[in-house]
There are 2 protein chains.
Amino acid sequence: MSKTNQKMSGRPRSAKSHQAILKAALELLGEVGFENMSIEAISIRAGVGKTTIYRRYKSKEELVADAIESIRQDVVIPDTGNLDNDLDELIENAAQITLSPLGKQTVAMIISSAASNYQFAQIYWTKYLQPRREAFASVIERAKMRNEIQADVDSGLIFDSMSGIMLYALIFPPETESWTTYVRRALHLLL
Amino acid sequence: MSKTNQKMSGRPRSAKSHQAILKAALELLGEVGFENMSIEAISIRAGVGKTTIYRRYKSKEELVADAIESIRQDVVIPDTGNLDNDLDELIENAAQITLSPLGKQTVAMIISSAASNYQFAQIYWTKYLQPRREAFASVIERAKMRNEIQADVDSGLIFDSMSGIMLYALIFPPETESWTTYVRRALHLLL
DNA sequence: TTATTACGATACGATGCTGTTTCGTAACTT
DNA sequence: AAGTTACGAAACAGCATCGTATCGTAATAA
């Protein structure tokens with residue numbers, strides 16, 4: 001905003017420091033969680049002065065929101081010509097992200113702050129879930145055209161249900177099978 | 001343990017204080033979350049000295065684990081003679097507990113500490129989910145006997161899926177319908 | 001009654017983080 | 001070159017909480 005919409009005189013803000021701050025914030029979020037991470041720890045890990053962070057962000061919330069938003073992951077839209085294979089790829093991809101420490105802490109942060117601060121859920125929805133929900137829809141669409149499933153299938157609701165079981169299995173990992181097999185088995189109930 | 005298995009001389013620990021501590025801990029957990037609650041705040045709200053808490057618990061984790069464990073909720077096993085009605089009651093009951101501030105913070109705590117400390121998930125599973133999973137199984141069992149559903153339905157997997165969608169809808173509340181309708185609609189995909 | 005343990009209150013030093021300020025230096029614009 | 005802004009480092013007072021220790025009092029057992 002203020003950085004780009006107007007040429008400022010004086011030394012410009014360091015893009016390198018900016019990247020280092022976001023990186024350190026995400027690392028610490030995954031390691032210790034939102035509540036236990038301090039601005040001081042972030043500045044030390046990023047190798048920048050505390051001042052530099054306080055100059056950019058008014059609060060930890062703002063910083064972390066920006067950091068999460070900065071994650072750009074390519075959305076996979078599998079197209080193997082077969083629904084089951086497509087779904088397997090989607091599940092595999094979701095597993096990698098969701099089961100990581102950062103993924104877990106992000107979800108925890110969203111839940112615990114949901115009542116007071118909806119911005120984290122908002123970002124996660126827009127940046128992460130929404131694109132994948134659409135990718136899922138196009139996978140389902142193709143399966144419909146191949147007559148693999150009925151035309152009245154509600155891809156949105158199925159995606160939500162699938163996300164739900166993934167979340168559940170994240171907290172209470174299945175004991176007798178792998179996370180992915182379990183999710184796959186649940187998904188077969190839905191289709 | 002040490003309190004009951006042996007008659008001690010001297011003044012016994014106050015059961016009243018004990019109750020007050022657990023109550024205050026649960027209240028604060030719902031209000032500010034696990035990370036933001038201090039032993040000091042608990043002692044003040046409970047109207048006891050800090051010493052009294054430190055004498056009983058070595059850590060906040062221990063205290064909160066005990067507090068959660070102390071919640072005794074009657075498990076509803078509906079038997080209306082009709083599966084859909086039975087399920088509605090189960091959903092309604094789950095909604096009340098899950099959507100409360102305490103319910104949300106408990107879940108958030110479980111997730112964020114899952115990697116380092118599995119005891120919270122363990123307690124929640126044993127004290128809360130397990131009994132309900134069994135109640136759900138008997139509801140399904142009765143529906144099978146009435147030939148409302150097929151005999152090969154896996155009640156456990158369906159319960160997990162249902163819990164999953166509830167959890168998901170807790171974080172990302174449906175915009176165009178109520179929480180319960182949404183859950184009910186998802187459940188119909190499964191049965 | 002005496003011995004023992006718990007009680008609530010209060011004070012304590014230690015710790016870790018907050019957000020701000022000051023400093024000399026570095027990187028730009030005009 | 002002059003002017004301006006950002007940089008990292010360091011110091012700062014302020015605050016909340018930690019876990020422990022000390023106090024005189026209360027409640028129980030022998």
Side-chain angles (χ1 to χ4, degrees), chain A residues 1-25 27-29 31-67 109 112-113 116-117, chain B residues 1-25 27-29 31-67 109 112-113 116-117:
Chain A
M1 296 266 173
S2 54
K3 188 182 171 187
T4 50
N5 65 358
Q6 199 175 329
K7 45 184 168 183
M8 310 279 275
S9 67
R11 176 176 177 173
R13 291 192 176 169
S14 161
K16 201 170 145 194
S17 292
H18 205 84
Q19 287 310 112
I21 291 168
L22 297 181
K23 181 164 177 281
E27 284 175 9
L28 282 168
L29 177 59
E31 288 171 25
V32 303
F34 180 76
E35 302 290 352
N36 290 319
M37 67 197 276
S38 67
I39 303 282
E40 207 152 22
I42 297 170
S43 80
I44 291 170
R45 181 169 302 205
V48 306
K50 256 202 304 185
T51 332
T52 306
I53 295 182
Y54 280 111
R55 197 178 292 117
R56 289 171 161 79
Y57 302 100
K58 285 208 297 276
S59 65
K60 197 167 65 171
E61 282 77 8
E62 218 179 76
L63 199 177
V64 172
D66 195 29
M109 187 181 63
S112 70
S113 70
S116 58
N117 193 345
Chain B
M1 296 270 178
S2 53
K3 188 182 170 187
T4 48
N5 65 357
Q6 197 173 330
K7 45 184 170 184
M8 310 281 274
S9 67
R11 178 176 177 174
R13 292 192 174 169
S14 161
K16 202 170 146 194
S17 292
H18 206 85
Q19 287 310 112
I21 291 168
L22 297 181
K23 181 161 176 284
E27 284 175 11
L28 282 168
L29 178 58
E31 288 170 26
V32 303
F34 180 76
E35 302 289 351
N36 290 319
M37 65 197 278
S38 65
I39 302 282
E40 209 151 21
I42 297 170
S43 79
I44 291 170
R45 181 170 301 206
V48 307
K50 257 202 305 186
T51 331
T52 306
I53 295 182
Y54 280 111
R55 196 177 293 116
R56 290 172 160 77
Y57 302 100
K58 283 207 297 278
S59 65
K60 198 167 63 171
E61 282 78 8
E62 216 179 78
L63 199 178
V64 172
D66 195 29
M109 187 181 61
S112 71
S113 68
S116 59
N117 194 345

Can you measure A:His18 atom NE2 to D:dA6 atom C1' for me and round it to whole angstrom units?
14 Å
Atom CD of A:Glu35 and atom C1' of C:dT18 are separated, to the nearest Å, by 15 Å
A:Ala24 and A:Ile42 have their tightest heavy-atom pair at CB-O, 3.8 Å
Should we say atom NZ of B:Lys23 is surrounded by more than 12 heavy atoms from elsewhere, each under 6.0 Å from it?
no
Judged by atom type as modelled, is there a donor-acceptor pair below 3.5 Å linking the side chain of A:Ser43 to the main-chain atoms of A:Glu40?
yes
With axes from five pairs an end, tell me the bend angle of the helix from C:dA9-D:dT22 to C:dT30-D:dA1, nearest 10°.
20°
Taken in chain and number order and not counting sequence neighbours, the residues that satisfy side chain to side chain donor-acceptor pair (under 3.5 Å) with B:Lys16 are none
Every protein N/O within reach of nucleotides 24-28 of chain D N/O, cut-off under 3.5 Å:
residue : atom : partner : partner atom : Å
D:dA26  : N3   : B:Arg11 : NH1          : 3.3

Check the distance between C:dA6's C1' and B:Lys16's NZ and give it to me in whole angstrom.
15 Å
Output the distance between atom CZ (B:Arg13) and atom CZ (B:Arg11), rounded to the nearest 0.5 Å.
12.0 Å
For nucleotides 13-23 of chain D, print each protein N/O atom paired with a nucleotide N/O atom at under 3.5 Å, atom names and distance only.
residue : atom : partner : partner atom : Å
D:dC18  : OP1  : B:Ile39 : N            : 3.3
D:dC18  : OP2  : B:Ile39 : N            : 3.4
D:dC18  : OP2  : B:Glu40 : N            : 3.4
D:dG19  : OP2  : B:Tyr54 : OH           : 2.8
D:dG19  : N7   : B:Lys50 : NZ           : 3.2
D:dG19  : O6   : B:Lys50 : NZ           : 2.7

For atom CZ of A:Arg45 and atom P of D:dG8, their distance in whole Å
17 Å
Measure the distance from CZ on B:Arg55 to P on C:dG8 and round it to the nearest whole Å.
8 Å
List every contact pair, protein side and nucleotides 13-15 of chain C side both N or O, where the distance is under 3.5 Å.
none

Figure out the CG/P separation between A:Leu28 and C:dC17, and round it to whole Å.
11 Å
Spacing between A:Ile53 atom CD1 and C:dT20 atom P, to the nearest angstrom:
14 Å
Using modelled atom types only, decide if a donor and an acceptor are shared between the side chain of A:Thr52 and the backbone of A:Val48 within a distance under 3.5 Å.
no
Are side-chain heavy atoms of B:His18 and B:Asp66 found at a separation under 4.5 Å?
yes
The criterion is side-chain contact (heavy atoms from CB on, under 4.5 Å); which residues satisfy it with B:Glu61, sequence neighbours excluded?
B:Phe34, B:Ser59, B:Asn117, B:Gln119, B:Phe120
Salt bridge between A:Glu31 and A:Arg45, side-chain N to carboxylate O under 4.0 Å?
yes
Indicate yes or no: at least one non-hydrogen side-chain atom of A:Glu62 is less than 4.5 angstrom from one of A:Arg56.
no
Is there a side-chain contact (heavy atoms from CB on, under 4.5 Å) between B:Val64 and B:Met37 once you walk through the steps?
CA-CA 10 Å; B:Val64 172; B:Met37 65 197 278; 4.2 Å; yes
Looking at A:Arg13, does any N or O in its side chain come under 4.0 Å of the phosphate oxygens OP1/OP2 on D:dT4?
no
Please report the interatomic distance CD1(A:Ile44) to OG(A:Ser38), rounded to the nearest 0.5 Å.
7.0 Å
Please give me the minimum heavy-atom distance between B:Ala25 and B:Leu63, naming the atom from each residue.
CB-CD2, 3.6 Å
